[in-house]
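First up is the structure itself, then whatever we jot down about it.
Predicted, not measured: the structure shown is a model, and the values here were computed from it. Labels below follow one simple rule: chain letters A, B, ... track the order of the sequence lines, proteins then strands, and each chain is numbered from 1.
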Amino acid sequence: MSTTNSTSASPVASSPIEAAGGAVATYVDERVGSNKFLGRNLGKVFPDHWSFMLGEIALYSFLVVLISGVYLTLFYKPSMVEVIYDGSFVPLKGIEMSEAYASTLDISFDVRGGLLIRQMHHWAALIFVAAIAVHMFRVFFTGAFRKPREFNWILGVGLATLALAAGFSGYSLPDDLLSGTGLQIARGIIQSIPIVGTWGAFLLFGGEFPGTDFISRLYGIHILLVPGLILALVTVHLMLVWTQKHTQFPGPGRTNSNVVGYPLMPVYMAKAGGFFFIVFGICTLIAGLVTLNPIWIFGPYTPDQVSAGSQPDWYIGWLDGALRIMPNLESYFFGYTISWNILIPAVIMPGLVFTALAFYPFLEAWVTGDKREHHLLDRPRNNPTRTGIGVMAITFYGLLWIGGGNDIIATSFNLTINSITWFLRLTIFILPPIAFLVTKRICLALQRRDRDKLLHGYETGRVLRLPHGEFIEVHETINYKELAVITSKTDIAPLPAPVKVDADGVANRRYRIQALRAKLSNFFYADNIAKPTAAEIEAAQHHVNHAAALEAPLHAYEDADEIRNAHGGVLHHPGMANSNTEQLTGRSEQ
Amino acid sequence: MKFLAARRRQPVVALAMLLFALVAVGGVYAAVGTVRPAEAAGAASSETQVEMGKQLYLQGCSSCHSLQAQGSTNGPTLIGVGAAAVDFQVSTGRMPLAAPGVQAVPGPRQYNEEQTAALAAYIASLAPGPAIPSAEQVDFASADVAEGGVLFRVNCQQCHQAAGQGGALTQGKYAPSLMNATPTQMYEAMVTGPESMPVFSDATLPEEDKKAIMAYVDNLQNAADPGGLSLGRLGPVTEGLFLWIAVFGALIAVAVWIGIKAR
């Protein structure tokens, strides 16, 4: 073997594989200068937590969507030309339908692997939107959107909106009865916009519904415009994550100016690479085993037909629900109709929701006056108002979601559609505020428990009877990890009420806006349970030590090992250093 | 027993006990509570079919539909509904009504074939009405399935759903699933229009069209699902439920597994 030569030539390499790798790296580096870049970036450290992988699910499922989508474009024909179906699906043989629907049937029944790929494309798309939603929950509830990541949050909201557009445009392409029904509703929503609605609908559909243009227009939007925008935004999204570094949860040794975790190479290369294949695998498995959108059952689209139980895919369900529970309300002005029954639930409400979502980081920063950089995540309990707002929003969404499936729920659970509708009309206003209050109270209770743990340690369950008859329960200090997590909390004081006229008698011209801000700030922080001061902890520690001292003589009679076992392992101390597995790199290093 | 004893104070035990109690109560109720009124009515062999039907009628039906079948506040008149209506309602177990409600619920049938035929003959003897279809009328073997699909989508699916799984109507009424409907029952339903269903007479839907629809529903009942597990063919609601619970559950489980710190 010729290993001797190469090993002697390169002093670092110790095996033939390494030698070959080194040679390739040198070859490439001499031509593109990659070594410096790779050397700087491959060692980049990312923090570890399962919830940081939710965005990865979105990214990987998007890749699955892209790859499977390319295959589908080879066979799909975006045309509304009427053809007579002559494929292998007998119950539709000889039926007149659009070429789009016929080619989708061909993909499902006559293209090798077509149905698998079609279902993979659709399942992965559903996973994509779901992963974005859950990723947003994580970012919202941990306050990861705070400075300096506000722009990335807005990019994320943009991506979520684009994902909905991608999903809905794709759902409509097969031109089956179900998707056509969805399109008809979409057209109705466009028409409900005052003044421009009718013209907008004509413009989009190229005339009356359904026309002959829309599928081919939608095709361009679905395979070029929307995925192109998503790819562009994802790139910027990830670049920002890279340059701003990933946030981390509080823990021992983790500060606002470092990142504790593992390096990209080899740990995250392996983890992320492996996770990609698992996501891919789950998409394939589900696509092979579970039917999604059986378009052959729905039949071709004609505007005069509609099926019972017509629903959009899950991510549009909340909008459909809003439409379904909206009371019938119309106004007439000078011969023009304003359809509030469509305008409010399908245009104004989602517009407000997405605007609020996009601007929330700025709103919170303004209310709290917090201008600091945040790289350490908030525990949801440490910002009860934000957590409450999030749960309130989820409750609101969930109720509308139920509304979207009201007919299926009615038949499945022997309920009446009318009572479900009335239940939702009332609870949509009642339940979200209740959810807010309950969540906020739970968060505050958890804060109290944290404070209690800091002051008194945890209850060991060991009760001592003292010589004079008193019973005490022995408390022990929490371990250093928990201590680091709990003490990460930063208390923010609510803003003071502004003065109307200052000492020199000059009127405060910004009084009203400042008063509102102070009010909101109070709403956010007035109930906060303050972290104990160092003196309080000191005093409390005294107490714990006292109990331990009383218990000590008992232990003298027992074997040391037994004590350790009885106490559930090694006793930790707050001052203990970071464990060996954790690596530290300075945030300022790069 | 030690295993159980050690765990009896866990919070999950309360839930398990509650579940057990509910299942036990429900099971006992289901086993004991079912009332089968028809079993009392034995077959009367010596009488004519109409006479036997009348006896059965007086025992099992007249309390709501009145003694002369003229109807009361509790039930509609049966004069002129025809044998088809009786056969449909009785053979699907809708009648005799198990409990008053927004509409009759199908269930296990209470009268056997002979008794059902007798009841139908008695009601038919009161006034002319749609008859039970002959074997030839429900023989759809030569019907065009694809044509039936078109007719089904135009006439049936707005209530019975595209896959024939049934759908909700107003105030708790519903169009039932067609998955267990026999061709005879389908024909009878079309000509008699039970509950909220409109009547599809031969003027609206000629016999050939009725056969085509039967052929299409038969196809829906028996066709395999080429895409795999059907999720009840209920559309995006069950698909979304499956996505969030099973698929996303699995993905989160994997993420947690990968995210666990190496020890």
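- Options A/Gln305, A/Gln311, A/Met53 differ in how many heavy-atom pairs under 4.5 Å they form with chain B, and the most are formed by A/Gln305.
- Note that CD1 of A/Ile297 is 8.0 Å distant from OG of B/Ser230, once rounded to the nearest 0.5 Å.
- Nearest heavy-atom pair across A/Ile282 and B/Ala250 is CD1-CB, 4.2 Å.
- In terms of non-hydrogen atom pairs under 4.5 Å with chain B, the most contact-rich of A/Ile57, A/Leu285, A/Asn418 is A/Asn418.
- Two residues are said to be in side-chain contact when any heavy atoms from C-beta on lie closer than 4.5 Å; A/Ile278 and B/Trp257 meet this criterion.
- Highest contact tally toward chain B, considering only A/Val306, A/Asn293, A/Ile286, A/Leu116, is held by A/Val306 [criterion: heavy-atom pairs under 4.5 Å].
- Going from atom CH2 of A/Trp50 over to atom CD1 of B/Ile258 covers 12.5 Å, rounded to the nearest 0.5 Å.
- Heavy atoms of A/Tyr85 lying under 4.5 Å from chain B are absent altogether.
- In this structure, the separation between CG on A/Asp304 and CD on B/Gln158 is 9.5 Å, given to the nearest 0.5 Å.
- Of all residues in residues 161-171 of chain B, those placing a non-hydrogen atom less than 4.5 angstrom from a non-hydrogen atom of chain A are B/Gln161, B/Ala162, B/Ala163, B/Gly167, B/Ala168, B/Leu169, B/Thr170, B/Gln171.
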### Task
In sequence, state the C-alpha distance, the side-chain angles, and the governing distance for B/Phe242 and A/Trp314, and then conclude on ring-ring contact (aromatic ring centres under 6.0 Å, His included).
CA-CA 11 Å; B/Phe242 180 80; A/Trp314 76 262; over 10 Å; no
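- Residues of residues 190-220 of chain B having a heavy atom under 4.5 Å from any heavy atom of chain A, listed by number: B/Tyr216, B/Asn219.
- Only the side chain of A/Leu177 comes within less than 4.5 Å of a heavy atom in chain B; its backbone stays farther off.
- Contact tally against chain A (heavy-atom pairs below 4.5 Å) for B/Val256, B/Asp225, B/Leu234: the top residue is B/Val256.
- Put simply, the side chain of A/Val134 reaches to within 4.5 Å of the side chain of B/Trp244, judged on heavy atoms.
- The contact between A/Leu54 and chain B is made entirely by side chain atoms (from C-beta outward), counting heavy-atom distances below 4.5 Å.
- Annotation: side chain of B/Glu239 is in contact with side chain of A/Pro294 (closest heavy-atom distance under 4.5 Å).
- Comparing B/Val145, B/Leu243, B/Ile252 by how many heavy-atom pairs each has under 4.5 Å with chain A, the most go to B/Leu243.
- Annotation: side chain of B/Leu229 is not in contact with side chain of A/Thr291 (no heavy-atom distance under 4.5 Å).
- Contact record, A/Lys93 with B/Ala146: O-CB, 3.3 Å, taken as the closest heavy-atom pair.
- The shortest distance between side-chain heavy atoms of A/Trp296 and B/Pro226 falls below 4.5 Å.
- Note: A/Ser412 OG to B/Tyr174 OH = 12.0 Å, rounded to the nearest 0.5 Å.
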